[in-house]
Amino acid sequence: MTAVAAKGRGSGKIILTGEHAVVYGVKGIAAGIARGAHAHVELSDGPESRLTLGDRTVAADENGDDLARAFAALLGASAAGPPVVVNAVAEIPPGGGLGCSAALSVAIARAIDAAWSLEPDDQRVFERGMAWERVYHGNPSGIDTAAAMAGTFLVFERNVGHHTLYTAHDVWLAVAYSGSSASTKLMVDGVARIRTSRPELFEKFLNGVKSITDNAVYAIDAADAQTLGKLMDYNQMLLAGMMLSTDTIETMCKAARDAGALGAKLTGSGGGGSVIALGGMCPRGEANSEAERLANVIAERWSTAGFSAFATRIAATPAAGGVAPQPSDSSSEEHS
Ligand code: PMV
């Protein structure tokens, strides 16, 4: 092994509004969170590139299993270099709706580009990440990859792009894993079937989500946490109408609202995965806010009910020219 080594990180993500609708070009709001994935890369002395993830090691192979193919696709998506040995670690559950796969791909892409001494290039990282995601998700919108790279709030629109949501206020959320995973591809396929069989229902879903996202951007800008919470609840109703919720998700949303959450919804593909609840908003960087306290109360409520939960701050991003802080988890961290 040569001495060249490099590291990379990718953020996990939550989708505040717009999952599934973004696949069809409707705007959504996503955010990178502090938890995600990290990767360590060394140049290899051997002939092939290898990836270790948990207890599995694969060689990059276009004809191999999903992991081997995703790795090969990521390596081949842009500028090439010598074989690498990659070790990657996920800090969030796979299939949990928190963008685990995108976080891994961004961490790996960043570490590989650094090991190959390539100039950092967001477009290249995005392309590598998307090549990986296509193996797993078939028709990814790119929202997970964008959030994994951004680490803060962004407004995403497929085939148009994404931009940072500039705001003066931090948003405090509680996040919990429902304990079961769903395949994003299968859930996206399920929505596609409703689109074919019930086009009028599907159009109402898209139009509803479109309004919710537009109003949520306005609510964040106006620091109106009550309205933002209600919009999250409406989005959850629309997602449930598309058969994307489960009994467990509904129970978790109710528990969060009973604990004082301003709103609650599934995040990601649904059918399992994770749930988010709004604790509130506070001025940028404020410590010990009511929003933080409430996010922790909700996370504790979920944790008492047996779900792995944590509170997280989505840090405000000041307007261009300011210093963009990284999002950070609550100090009280994991409640499971
Ligand atoms: O990867 P997940 O399960 O967090 O969901 C991604 C969001 C979807 O809108 C369901 C799919 C997509 O590609 O945008």
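As the structure lists them, so they are numbered: ligands from 1, and atoms in each ligand from 1. None of the values given here were measured: they were computed from a predicted structure.
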* State whether the number of non-hydrogen atoms from other residues, nucleotides or ligands found under 6.0 Å of Glu62 atom CD is greater than 12. => no
* Begin with the C-alpha distance, continue with both residues' side-chain angles, and end with the deciding distance and a verdict on side chain to side chain donor-acceptor pair (under 3.5 Å) for Thr145 and Glu133. => CA-CA 8 Å; Thr145 311; Glu133 287 285 275; 4.5 Å; no
* Rounded distance (nearest 0.5 Å) linking atom CG of Asp221 with atom CG of Leu165 -> 7.5 Å
* **Side chain to side chain, Val275 and Thr267, heavy atoms closer than 4.5 Å** =>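 Val275 does not reach Thr267 side chain to side chain.
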Which protein N or O atoms sit under 3.5 Å from any N or O of ligand 1? Give each pair with its distance.
| unit_1 | atom_1 | unit_2 | atom_2 | d |
| --- | --- | --- | --- | --- |
| ligand 1 | 1 (O) | Asp144 | OD2 | 2.8 |
| ligand 1 | 1 (O) | Thr184 | OG1 | 3.4 |
| ligand 1 | 3 (O) | Thr184 | OG1 | 2.8 |
| ligand 1 | 3 (O) | Ser269 | N | 3.2 |
| ligand 1 | 3 (O) | Ser269 | OG | 3.1 |
| ligand 1 | 4 (O) | Lys13 | NZ | 2.5 |
| ligand 1 | 5 (O) | Ser269 | N | 3.4 |
| ligand 1 | 9 (O) | His20 | N | 2.8 |
| ligand 1 | 13 (O) | Ser141 | N | 2.8 |
| ligand 1 | 13 (O) | Ser141 | OG | 3.4 |
| ligand 1 | 14 (O) | Ser141 | OG | 2.5 |

* Asked: After noting the C-alpha distance and the side-chain angles of Tyr166 and Phe153, does the key distance pass the ring-ring contact (aromatic ring centres under 6.0 Å, His included) rule?
  -> CA-CA 8 Å; Tyr166 294 113; Phe153 269 124; over 10 Å; no
* Donor-acceptor pair, side chain of Thr227 and main chain of Ala219, under 3.5 angstrom -> no
